[in-house]
Amino acid sequence: QVQLAESGGGLVQAGGSLRLSCVASGYIWRINGMAWYRQPPGKQRELVATITSGGTTNYSDSVKGRFTISRDNAKNTVYLQMNNLKPEHTAVYYCNVDATLTSGTRRSYWGQGTQVTVAS
């Protein structure tokens, strides 16, 4: 049983920055990969960035050089630092964690989503 609490979204002007956080809690034995997804208005959810348990990162081409994903394993937290934001980045952002519970079960869990709106 895992709960993900997202924070850090809001309204920002073009060129500004935001830092999203996602904290995992529950009967967690181990967190493997972590990721951020986003869903723009009227569009499908898409992958933004991933980070492995070893710290290896991967980004969609559209955010390379602008966004940085990181994690704090001691706090069961994943971050998304978003710089030089553009209106096309407007979306609901969701975190996702691949977790193994103390019971031994393993699956991915979704955060509730946080709205990021970039004004022109």
Side-chain angles (χ1 to χ4, degrees):
Q1 194 170 6
V2 174
Q3 296 80 43
L4 303 181
E6 296 187 40
S7 62
L11 176 64
V12 65
Q13 291 182 292
S17 299
L18 287 173
R19 190 193 193 204
L20 306 183
S21 299
C22 177
V23 182
S25 62
Y27 298 102
I28 301 170
W29 179 58
R30 177 179 296 172
I31 295 179
N32 306 114
M34 298 182 175
W36 287 96
Y37 292 75
R38 68 185 177 193
Q39 187 167 14
K43 298 182 179 180
Q44 294 181 321
R45 188 174 300 184
E46 63 184 11
L47 182 64
V48 175
T50 63
I51 184 167
T52 70
S53 60
T56 301
T57 60
N58 192 35
Y59 301 91
S60 67
D61 290 339
S62 63
V63 304
K64 286 182 179 178
R66 289 185 170 89
F67 292 6
T68 302
I69 187 172
S70 61
R71 62 191 288 171
D72 186 334
N73 292 330
K75 298 179 179 179
N76 284 345
T77 301
V78 61
Y79 305 94
L80 186 68
Q81 179 68 47
M82 304 184 294
N83 297 325
N84 193 23
L85 285 163
K86 305 296 183 183
E88 56 263 36
H89 298 138
T90 294
V92 178
Y93 284 73
Y94 298 88
C95 65
N96 180 274
V97 302
D98 174 7
T100 301
L101 307 184
T102 55
S103 65
T105 61
R106 176 180 177 178
R107 75 170 183 88
S108 295
Y109 297 86
W110 289 98
Q112 81 282 3
T114 183
Q115 177 71 48
V116 172
T117 303
V118 184
S120 61

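Below, all heavy atoms of this structure are taken into account, side chains as well, without hydrogens, waters or symmetry copies.
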Roughly how far, to the nearest 0.5 Å, is the [atom2] atom of [Y] from the [atom1] atom of [X]?
X    : Y    : atom1 : atom2 : result
Q81  : L20  : CD    : CG    : 9.0 Å
L85  : R66  : CG    : CZ    : 9.0 Å
I31  : Y109 : CD1   : OH    : 10.5 Å
R106 : W29  : CZ    : CH2   : 10.0 Å
R30  : L101 : CZ    : CG    : 13.0 Å
Y37  : L80  : OH    : CG    : 13.5 Å

Are Y94 and V63 joined in one hydrophobic group, where the rule is that I, L, V, M, F, W and Y side chains link up if heavy atoms are under 4.5 Å apart? no
Counting only heavy atoms not in W110, do more than 12 fall under 6.0 Å of its CH2? yes
Verify the neighbour count for atom CD of Q1: are there more than 12 heavy atoms of other residues, nucleotides or ligands below 6.0 Å? no
Can you name the nearest heavy-atom pair linking [X] to [Y], along with the distance?
X    : Y    : value
L4   : C22  : CB-SG, 3.9 Å
I51  : S70  : CD1-CA, 3.9 Å
V92  : G113 : CG1-CA, 3.9 Å
G33  : R71  : CA-NH1, 4.3 Å
A24  : V2   : CB-CG1, 4.4 Å
S120 : P87  : CB-CG, 3.9 Å

Go through the steps to decide whether Y79 and D72 satisfy the test side chain to side chain contact (heavy atoms under 4.5 Å, CB included), and finish with yes or no. CA-CA 8 Å; Y79 305 94; D72 186 334; 4.1 Å; yes
Mind checking whether [X] and [Y] have side chains closer than 4.5 Å, heavy atoms only?
X    : Y   : value
W36  : M82 : no
V116 : R38 : no
V23  : K75 : no
C95  : M34 : no
T50  : I69 : no

Check whether any side-chain N or O of N32 sits under 3.5 Å from a backbone N or O of A99 as a donor-acceptor pair, and report yes or no. no
